[in-house]
Protein chains: 2
Amino acid sequence: MTSPTGRGDLFSPACPTRLLLDRIGTKWTSMVVKLLAEAGDGEVRFAELQRRMPGVSQKMLSSTLRSLTNDGLVARRVEPTVPPKVHYRLTPLGQSLEVHLAGLRDWAETHMAEIDRARGYAGETT
Amino acid sequence: MTSPTGRGDLFSPACPTRLLLDRIGTKWTSMVVKLLAEAGDGEVRFAELQRRMPGVSQKMLSSTLRSLTNDGLVARRVEPTVPPKVHYRLTPLGQSLEVHLAGLRDWAETHMAEIDRARGYAGETT
DNA sequence: CGGAATCCCAATCGATACTG
DNA sequence: CAGTATCGATTGGGATTCCG
């Protein structure tokens with residue numbers, strides 16, 4: 001199992017940002033974190049997450065959640081009932097990350113229009 | 001063309017964070033931004049960037065820079081000399097993003113150890 | 001209901017070669 | 001030196017199916 005970092009360590013330790021972005025930069029991760037963050041203390045069930053993430057497949061949601069859980073950003077609680085219920089929530093670590101993600105989100109909402117405007121324009125002031 | 005991905009716009013406008021992360025989450029983007037940020041006002045030449053990014057190919061560096069330029073995050077200055085010299089620098093927009101990236105970087109450096117510790121552990125307090 | 005396993009396609013990335 | 005074009009290898013991601 002080639003661990004995510006197990007690859008050739010070009011200069012990984014020098015740039016943990018890359019490692020982090022590799023995780024939160026994946027297609028669904030940021031959304032899961034966002035949804036869990038919005039839930040506050042509330043835990044969210046697998047099916048509900050899936051319901052609120054149109055377009056996600058079980059595989060990806062499952063995979064994303066497993067990654068986040070393994071990274072200690074998300075906590076998983078299983079109710080050993082007959083139809084098993086699995087609840088997810090952000091760990092304190094995940095919450096601390098969410099703060100920065102929120103900052104990024106804010107930046108995005110503020111400046112995305114600029115970016116969109118710039119696209120195909122590239123006209124800087126020399 | 002609909003969007004950079006050309007794919008179906010599931011709920012893009014609802015989550016600009018995703019769009020942003022799609023950009024800065026790519027393999028080399030964050031590093032380019034970081035290097036340009038470290039250069040301060042200093043512009044950095046293509047070759048120097050490549051030199052300071054072991055493992056990157058011209059293609060990817062070029063592609064990354066073009067994306068960033070198109071997004072208005074990076075400015076490109078060309079000296080029309082015989083051996084053309086192209087200088088890149090962060091735009092104010094790019095710099096404003098770098099602030100948040102720095103925050104993320106800081107978080108990563110602070111908590112990456114925790115994440116690393118958690119990996120393969122998954123032992124939350126239930 | 002949750003999720004693991006399989007299969008498959010599409011996008012991405014890397015290496016090379018060629019142009020201005 | 002800077003950049004593009006092409007090709008091949010790798011990967012991520014989606015649909016489906018089966019198991020607890």
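So that the names make sense, note that chain A is the first sequence line, chain B the second, and so on, each numbered from 1.
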Exam field: side chain B:T26 to backbone B:W28, donor-acceptor pair closer than 3.5 Å: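 Judged by distance alone, no pair lies under 3.5 Å.
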Lys/Arg-Asp/Glu bridge criterion (N-O < 4.0 Å) met for B:K85, B:E79: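 No, no charged N to carboxylate O under 4.0 Å.
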Charged N-O contact under 4.0 Å between B:E43 and B:R76: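 Salt bridge flag = no for B:R76 with B:E43.
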To the nearest Å, how far apart are [X] [atom1] and [N] [atom2]?
X: A:Q50; N: C:dG2; atom1: CD; atom2: P; result: 8 Å
X: B:M60; N: D:dT10; atom1: CE; atom2: P; result: 17 Å
X: A:L61; N: D:dG13; atom1: CG; atom2: P; result: 13 Å
X: B:K27; N: C:dA11; atom1: NZ; atom2: C1'; result: 15 Å
X: B:L21; N: D:dG12; atom1: CG; atom2: C1'; result: 16 Å
X: B:E43; N: D:dC1; atom1: CD; atom2: P; result: 18 Å

Residue pair A:M31 / A:R52, side-chain heavy-atom distance below 4.5 Å: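 Side-chain contact under 4.5 Å: no.
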B:W28 vs C:dT12: side-chain N/O to OP1/OP2 distance below 4.0 Å: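 The answer is no; no side-chain N or O of B:W28 sits under 4.0 Å from OP1 or OP2.
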Under-4.0 Å side-chain N/O to phosphate OP1/OP2 contact, B:Y88 with D:dG3: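 For B:Y88, the contact criterion (side-chain N or O under 4.0 Å from OP1 or OP2 of D:dG3) is met.
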Quick one: pull up [atom1] in [X] and [atom2] in [Y] and give me the separation to the nearest 0.5 Å.
X: A:N70; Y: A:R66; atom1: CG; atom2: CZ; result: 7.5 Å
X: A:R77; Y: A:Y88; atom1: CZ; atom2: OH; result: 12.0 Å
X: B:S30; Y: B:K34; atom1: OG; atom2: NZ; result: 8.5 Å
X: B:R23; Y: B:T64; atom1: CZ; atom2: OG1; result: 13.0 Å

Below 3.5 Å between N/O atoms, which protein atoms pair up with nucleotides 4-9 of chain D? Just atom names and distances, please.
unit_1: D:dT4; atom_1: OP1; unit_2: B:R66; atom_2: NE; d: 3.4
unit_1: D:dT4; atom_1: OP2; unit_2: B:S62; atom_2: OG; d: 2.6
unit_1: D:dT4; atom_1: OP2; unit_2: B:R66; atom_2: NH2; d: 3.2

Closest-nucleotide ordering on DNA chain D, the 5'-leading residue of A:V56 and B:L65: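 Going by which nucleotide is closer to the 5' end, it is B:L65.
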side-chain hydrogen bond (donor to acceptor under 3.5 Å, both in side chains) partners of B:T110, counting only residues at least two apart: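 Expected list: none.
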Per A:R45 side chain, nearest of listed nucleotides C:dC1, C:dG14, D:dC1: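 The listed nucleotide nearest to A:R45's side chain is C:dC1.
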Expected rows: protein N/O vs nucleotides 18-20 of chain C N/O, under 3.5 Å:
none

